[in-house]
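Below: one structure, written as structure tokens.
Counting convention: from 1, in listed order, for ligands and their atoms alike.
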Amino acid sequence: MTSVQRKLRKPPGPDAPVVLGIDADTLATLQQIQLDYGDMVSITKPNGRLAYFVNDATEVRRILTRRHSKYNKGPGFERVKMLLGNGLIVSDGDVWRRSRRMIQPAFSRQNVHRLMAVMVECCDRRALHWAELAANGEHCNITAETSDFALELILISIFSSDYHARIMTEGDNPFAFLSRDSTRDLSVVMKVRHLRILLLSIIEDRRSGRGSEEFDFLTMYLQATDKNGQQFSDAELLDELMTLIVAGFETSANTLNWVWYLIAKHPDVEAKLIAEAAEYLPCVSALSADSLANMTYTQQVLEEALRLYPPVWLFTRRSHEEDHLDEYDVPLDTDIYLSPFILHRTPHYWPDPDSFDPERFKVTDQSKNDRPYFPFSLGPRRCLGEYFSFLEMKVHIGLLLPRFRLQLIDESQPQLELGINLRASRDIYMKPTER
Ligand code: HEM
């Protein structure tokens with residue numbers, strides 16, 4: 001019997017078509033479907049396409065690691081494509097493989113360590129601002145602050161002194177709208193076009209030797225070569241730079257936003273973080289890769305925040321080869337939905353899943369390695385900036401928390417805003433005081 005004749009083995013699922021996007025309704029639908037049908041569910045979309053919702057830890061791991069080459073990026077990336085062209089996050093197959101090989105060396109630990117001074121510089125600017133707010137008794141919009149911090153950091157890490165000389169020439173950061181404007185309409189197209197022209201002129205200057213010669217991602221991207229000795233073209237470089245900016249800033253900014261909220265809600269956690277910073281980071285000159293590595297409790301807090309609020313809360317894939325998962329067939333062109341948000345809060349993996357408890361990630365707790373946890377994805381497409389972002393977040397919390405106490409103005413739990421990224425639905429305001 002050929003595979004065409006054999007009856008398709010599908011997991012259980014609803015008979016009626018189900019609409020799936022990347023939004024709050026989709027989260028509610030997937031959560032209900034999980035309750036009704038379990039961890040492997042088949043769904044028919046309104047256009048007749050077959051989709052699987054996979055919440056089984058083993059199968060999720062399999063899709064992202066050993067079987068990753070059978071899947072391309074899935075639905076929902078159309079809007080992202082408008083911004084990122086064919087950069088790493090959206091590309092597939094040979095194009096992705098070539099770019100990943102060219103770019104990956106830029107993210108070595110050694111290179112990221114060289115950017116720690118920029119992380120400190122960006123914290124200093126926040127500290128200056130917060131000290132002013134504290135002196136005047138004013139509130140601080142921590143959502144905007146973490147966003148400004150992470151955006152400035154990634155831009156200086158890419159462009160070094162060109163950031164001030166070429167990008168911030170008009171006062172406002174021309175990239176700021178990327179997080180503030182979730183629409184993808186014509187005005188955004190125009191702003192993106194403007195940014196690409198600006199980036200292109202910086203690239204041209206660098207190629208001709210007129211630009212900065214400092215150590216930064218742009219230099220490393222410009223020098224990267226593929227196995228034939230070819231460098232990125234200008235168009236490829238533009239897509240990769242936009243990808244780096246978009247991938248590298250909202251994710252860390254959103255995480256830090258939640259971290260400040262969670263710290264303010266848990267004074268016991270705050271006290272332990274401050275004690276750890278006092279031990280390993282008593283002053284800026286004590287900062288090193290080793291001192292940050294020793295800050296294991298801070299690491300636990302960040303990991304627990306990412307469990308509860310994974311910025312990339314839903315991954316989609318589409319099969320471009322037949323596959324099978326558990327005892328089920330995956331035909332060609334099946335859409336796959338995986339959700340770190342749902343898996344991270346599934347009670348049989350994570351007891352009392354909605355509570356914030358950094359002890360779950362204690363280094364000595366061996367069972368932590370068996371629980372499904374993938375805020376940075378897994379396998380060959382795993383986030384390239386994982387180490388960079390942990391360092392940036394540790395420096396941020398390690399330097400700013402011992403200096404400032406931030407109290408919530410509104411104690412109520414912010415709702416979730418679910419788009420490509422998971423955010424708080426409202427800005428979080430806090431009152432800073434110097435300790
Ligand atoms: C808390 C912070 C971050 C989180 C949670 C995060 C999460 C992720 C996830 C889940 C993916 C894979 C998406 C998918 O396969 O559908 C990804 C990809 C990526 N991330 Fe991150 N990210 C973070 C920070 C960063 C930073 C700071 C950078 C750069 C400095 C970065 C650069 C990238 C790149 C280049 C990719 C594409 C990798 C590829 O497809 O080969 N990320 N990230």
Side-chain angles (χ1 to χ4, degrees), residues 22 60 63-65 68-69 71-77 80-81 84 86-93 95-108 111-112 115 118-119 122 146-147 149-158 216-218 220-221 224 239-259 299 301-318 336-341 343-344 373-397 420-423:
I22 301 197
V60 165
I63 292 169
L64 295 175
T65 56
H68 91 99
S69 62
Y71 298 90
N72 284 335
K73 289 286 171 111
F77 277 90
V80 186
K81 262 194 159 165
L84 309 184
N86 215 14
L88 266 191
I89 289 210
V90 278
S91 60
D92 281 308
V95 174
W96 166 77
R97 214 164 288 114
R98 170 178 178 263
S99 300
R100 174 99 188 189
R101 281 206 191 113
M102 290 170 75
I103 287 173
Q104 188 142 323
F107 287 86
S108 72
N111 284 338
V112 173
L115 293 167
V118 184
M119 297 174 186
C122 293
T146 49
S147 180
F149 165 78
L151 180 58
E152 187 175 78
L153 171 60
I154 193 67
L155 290 175
I156 300 180
S157 302
I158 298 173
D216 55 30
F217 280 118
L218 179 50
M220 292 188 274
Y221 277 36
D239 287 349
E240 295 304 348
L241 291 178
M242 286 302 283
T243 296
L244 187 53
I245 296 164
V246 169
F249 119 78
E250 244 204 291
T251 42
S252 304
N254 285 333
T255 308
L256 283 173
N257 188 39
W258 289 113
V259 168
Q299 177 80 21
V301 170
L302 296 171
E303 289 179 352
E304 176 68 343
L306 282 161
R307 180 185 70 81
L308 285 171
Y309 302 107
V312 189
W313 65 280
L314 183 67
F315 302 173
T316 67
R317 296 289 188 264
R318 182 167 290 166
I336 306 284
Y337 288 79
L338 318 168
S339 172
F341 183 89
L343 206 44
H344 291 177
Y373 181 70
F374 55 107
F376 293 94
S377 188
L378 300 170
R381 293 209 76 146
R382 190 179 182 131
C383 174
L384 267 178
E386 181 172 347
Y387 186 65
F388 179 98
S389 70
F390 273 124
L391 240 50
E392 104 176 76
M393 294 190 288
K394 276 182 168 177
V395 172
H396 180 98
I397 297 297
I420 293 287
N421 276 319
L422 176 157
R423 310 177 189 185

Gln104 and ligand 1 - part of the residue with a heavy-atom distance under 4.0 Å: neither
Close side-chain approach of Leu64 and Arg381, heavy atoms under 4.5 Å: no
Aromatic ring pairing Phe374/His344, orientation class (parallel under 30°, perpendicular over 60°, tilted between): perpendicular
Phe315 ring center within less than 6.0 Å of Tyr337 ring center: no
Nearest-0.5 Å distance, CD1 of residue Ile154 to CG of residue Leu244: 4.5 Å
Nearest-0.5 Å distance, CZ of residue Phe217 to CD1 of residue Ile156: 13.0 Å
Atom indices of ligand 1, in the order listed, that fall short of 4.0 Å to a heavy atom of Pro311: 5 (C)
N or O pair under 3.5 Å between Glu392 and ligand 1: no
Taking atom 15 (O) of ligand 1 as the reference point, the nearest protein heavy atom with its distance: Arg317 NH2, 2.9 Å
Nearest protein heavy atom with distance in Å, relative to atom 38 (C) of ligand 1: Arg100 NH1, 3.4 Å
Atom 35 (C) of ligand 1 [closest protein heavy-atom partner, distance rounded to 0.1 Å]: Leu88 CD1, 3.9 Å
Residue Ser252 vicinity, atoms of ligand 1 by number, heavy atom under 4.0 Å: 2 (C), 27 (C)
Centroid-centroid distance, Trp258 to Tyr309, less than 6.0 Å: yes
Validation row: Leu302, Val259 side chains within 4.5 angstrom (heavy atoms): yes
Pairing of Glu386 and Arg382 as salt bridge, 4.0 angstrom limit: yes
Contacting atoms of ligand 1, where contact means under 4.0 angstrom from a heavy atom of Phe388: 27 (C), 30 (C)
Minimum-distance protein heavy atom relative to atom 29 (C) of ligand 1: Leu244 CD1, 3.6 Å
Heavy-atom nearest neighbour of atom 10 (C) of ligand 1 within options Gly87, Pro375, Pro310: Pro375
Cationic N near anionic O, under 4.0 Å, Arg97 to Asp92: no
Beyond-backbone contact of Leu306 with Pro340, side-chain heavy atoms, under 4.5 angstrom: no
Atom pair CZ/CG of Phe107 and Leu115 - distance to nearest 0.5 Å: 9.5 Å
Numbering as shown, the atoms of ligand 1 that approach Ile154 to under 4.0 Å (heavy-atom distance): 30 (C)
Donor-acceptor pair, side chain of Glu240 and main chain of Leu88, under 3.5 angstrom: yes
Spacing of Leu256 atom CG and Ser147 atom OG [to the nearest 0.5 Å]: 10.5 Å
Sub-4.0 Å heavy-atom approach of Phe107 to ligand 1: yes
Proximity of Phe249 to ligand 1 by residue part, where a heavy atom lies under 4.0 Å: neither
Protein contact of atom 1 (C) of ligand 1 - nearest heavy atom, named by residue and atom, plus distance: Thr255 OG1, 3.5 Å
Check: Arg381 N/O within less than 3.5 Å of ligand 1 N/O: yes
Flag side-chain contact, heavy atom, 4.5 Å: Glu303 against Arg307: no
Heavy-atom side-chain proximity of Arg318 to Lys73 below 4.5 angstrom: no
Nitrogen or oxygen of Trp96 less than 3.5 angstrom from that of ligand 1: yes
Distance from atom 16 (O) of ligand 1 to nearest protein heavy atom, with residue and atom: Lys73 NZ, 3.2 Å
Partner set under side chain to side chain contact (heavy atoms under 4.5 Å, CB included) for Pro380, not counting sequence neighbours: His68, Trp96
Atom indices of ligand 1, in the order listed, that fall short of 4.0 Å to a heavy atom of Phe315: 10 (C)
Tally of protein N, O or S atoms, where distance to atom 21 (Fe) of ligand 1 is under 2.8 Å: 1
Residue, atom name and distance, where the atom is the protein heavy atom closest to atom 36 (C) of ligand 1: Ile89 CG1, 3.9 Å
Side chain, backbone, both or neither: Thr316 near ligand 1, heavy atoms under 4.0 Å: neither
